[in-house]
Protein chains: 2
Amino acid sequence: MPSRTPSAPDAATTAARSTRDRLLDAVEQLLAEAGPRAATLDAVAAAAGVSKGGLLYHFGTKDALVEGLLGRLRTLAQEDLARMRSAPEGAARYYVRTSVVASGDPLQRATIAALRLVQDADRRAVEAFTEISEAWRVAIEEELGDRALSRVVQLVGDGLWMSASMGVVPPDVEEVLAALPGLPAAG
Amino acid sequence: MPSRTPSAPDAATTAARSTRDRLLDAVEQLLAEAGPRAATLDAVAAAAGVSKGGLLYHFGTKDALVEGLLGRLRTLAQEDLARMRSAPEGAARYYVRTSVVASGDPLQRATIAALRLVQDADRRAVEAFTEISEAWRVAIEEELGDRALSRVVQLVGDGLWMSASMGVVPPDVEEVLAALPGLPAAG
DNA sequence: GACCGTTGACCGTCCAGACGGTACAGTCGT
DNA sequence: ACGACTGTACCGTCTGGACGGTCAACGGTC
């Protein structure tokens with residue numbers, strides 16, 4: 001039996017979810033802005049406006065907290081995948097465009113936080129990321145039909161993620177998209 | 001008085017340089033293979049076959065050790081930049097091709113180690129990386145003359161670095177290169 | 001050429017603080 | 001009364017760093 005959440009597995013109470021989510025928000029923020037070393041239990045609790053005991057009430061261990069973060073990432077990624085497949089501009093363009101940071105996007109926040117964990121050699125984060133990355137690749141390849149070009153599109157996206165996680169100003173997306181050949185016309 | 005290297009600033013004795021380099025090799029390896037958390041002073045010293053005291057003789061603080069690593073990275077990057085500009089296949093192709101991991105390449109080892117530090121929110125690592133990345137971009141843009149395309153080339157390279165640091169099997173470089181338009185013919 | 005002080009390279013141990021986690025008694029809203 | 005917390009005190013372990021000691025090599029000097 002893995003570490004359990006205190007509430008029922010299906011739908012938690014509003015208050016519980018709210019605190020739980022605030023805790024996950026706090027880990028994400030600390031990971032993204034200050035790195036894994038700064039994301040201590042004390043710091044996370046403080047950033048969420050909760051006591052350490054309160055944090056440990058929701059997530060019994062630090063591992064459980066990470067698991068919670070990755071779970072949220074998977075959920076958001078799956079939702080994004082659906083949006084991606086039905087995007088009028090096409091999956092490839094959608095992917096590249098949503099790989100530049102618009103601060104506030106929940107998926108992007110979660111992704112960058114997970115990226116930090118990946119570089120901290122967290123096995124589960126690597127697994128989650130590989131899995132999600134794979135799903136994105138499949139969706140892009142489904143649209144483009146060209147393996148090599150799909151790789152390029154995804155590498156560009158990965159590159160954007162990397163510069164995002166470094167806090168570098170991203171290049172103009174439209175310019176980049178224009179320089180990529182073989183993408184179906186937008187709209 | 002800040003921590004200084006024991007030997008003379010110009011040419012150290014053979015034995016001293018050897019130990020120093022072994023220590024830097026050890027940090028790189030630990031960072032790349034096990035992440036920043038595993039790169040403790042004890043672990044680095046052990047991996048280099050030196051006692052902790054011995055490590056601290058060469059690098060007075062952990063910061064100094066990191067500084068040493070980044071110094072080595074800068075040197076290697078500068079050497080690579082020269083090779084890149086004189087590469088017969090052209091700077092862009094050279095850059096993409098050398099962005100896939102061939103384990104054993106000193107620059108790649110140092111780069112991946114530094115990438116881990118970047119994600120650990122190490123300011124100096126971010127600075128070093130930004131600086132090097134900028135130099136690469138300039139070299140590519142000098143060759144291609146096209147800003148947008150240069151961005152794409154570099155993003156692809158960054159993407160390759162990212163998958164490398166995640167331990168993912170890299171895509172076929174030649175395939176990727178073939179899917180990139182506008183690159184001057186090789187040779 | 002035996003003695004000796006110095007120096008550079010390195011070892012081993014110790015310490016303070018931080019961190020993850022436990023325990024538990026108390027509080028507040030519903 | 002019960003779930004959702006707060007607050008404090010505490011433990012064991014790890015980590016960066018300080019520190020004193022060891023030892024071989026070298027240079028001078030008588």
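In what follows, chains carry the letters A, B, and so on, assigned in the order in which the sequence lines appear, proteins first and then strands, with residues in each chain numbered from 1.
- Listed by chain and number, the residues in a side-chain contact (heavy atoms from CB on, under 4.5 Å) with Thr111(A) are Leu73(A), Leu107(A), Phe129(A), Trp161(A) (sequence neighbours excluded).
- Among residues at least two apart or in separate chains, salt bridge (Lys or Arg N to Asp or Glu O under 4.0 Å) pairs with a member in residues 160-184 of chain B are Arg147(A)-Glu175(B), Arg97(B)-Glu174(B).
- Atom NZ in Lys62(B) sits about 19 Å away from atom P in dG17(C), given to the nearest Å.
- Residue-environment remark: CD (Glu142(A)) exceeds the threshold of 12 foreign heavy atoms within 6.0 Å.
- When the C1' atoms of four end pairs are superposed on the next four at each end of the helix from dG1(C)-dC30(D) to dT30(C)-dA1(D), using five pairs per end, the two resulting axes differ in direction by 10°, to 10°.
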Let me have a per-nucleotide readout for nucleotides 25-30 of chain C, 5' to 3', with B, S or -, counting only protein heavy atoms under 4.0 Å. ------

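- Here the straight-line distance linking atom CZ of Arg137(B) with atom CG of Leu155(B) works out to 11.0 Å at 0.5 Å rounding.
- A salt bridge does not link Arg85(B) with Asp80(B): none of the charged nitrogens is closer than 4.0 Å to a carboxylate oxygen.
- Atom CG of Asp63(A) is separated from atom P of dG20(C) by 11 Å (rounded to the nearest Å).
- Sequence neighbours left out, the pairs with a member in residues 86-116 of chain B that pass ring pair (Phe, Tyr, Trp, His ring centres under 6.0 Å) are Tyr95(B)-Trp136(B).
- Scored by the side-chain hydrogen bond (donor to acceptor under 3.5 Å, both in side chains) test, Arg109(B) finds no partners at all (sequence neighbours excluded).
- The separation between Phe59(B) atom CZ and dG16(D) atom P is 15 Å, rounded to whole Å.
- Contacts with DNA chain C (heavy atom under 4.0 Å) in residues 24-39 of chain B: none are found.
- One finds no side-chain N or O of Tyr57(A) lying less than 4.0 angstrom from the OP1 or OP2 phosphate oxygen of dC5(D).
- The distance between atom CG of Asp42(B) and atom P of dC14(D), rounded to the nearest whole Å, is 11 Å.
- Residues from residues 44-56 of chain B that place a heavy atom under 4.0 Å from any atom of DNA chain C, listed by number: Val50(B), Ser51(B), Gly53(B), Gly54(B).
- Applying the ring pair (Phe, Tyr, Trp, His ring centres under 6.0 Å) test to every pair with at least one member in residues 63-84 of chain B, sequence neighbours left out, gives no pairs at all.
- To the nearest 0.5 Å, atom CG of residue Leu24(A) and atom OG1 of residue Thr19(A) are 11.0 Å apart.
- The shortest side-chain heavy-atom distance between Glu141(A) and Gln154(A) does not fall under the 4.5 Å cut-off.
- Of the side-chain N and O atoms in Thr19(A), one or more sit less than 4.0 angstrom from OP1 or OP2 of dC5(D).
- Pairs passing the salt bridge (Lys or Arg N to Asp or Glu O under 4.0 Å) check and including a residue from residues 111-120 of chain B, sequence neighbours excluded, read Arg37(A)-Asp120(B).
- Summarising the geometry, the separation between CG on Leu41(B) and C1' on dA16(C) is reported as 15 Å, rounded to the nearest angstrom.
- For Lys52(B), the salt bridge (charged side-chain N to carboxylate O under 4.0 Å, His left out) partners at least two apart in sequence or on another chain are Asp42(B).
- The phosphate of dA4(D) has neither OP1 nor OP2 within less than 4.0 Å of any side-chain N or O from His58(A).
- In terms of the side-chain hydrogen bond (donor to acceptor under 3.5 Å, both in side chains) criterion, Arg83(A) has no residue partners (sequence neighbours excluded).
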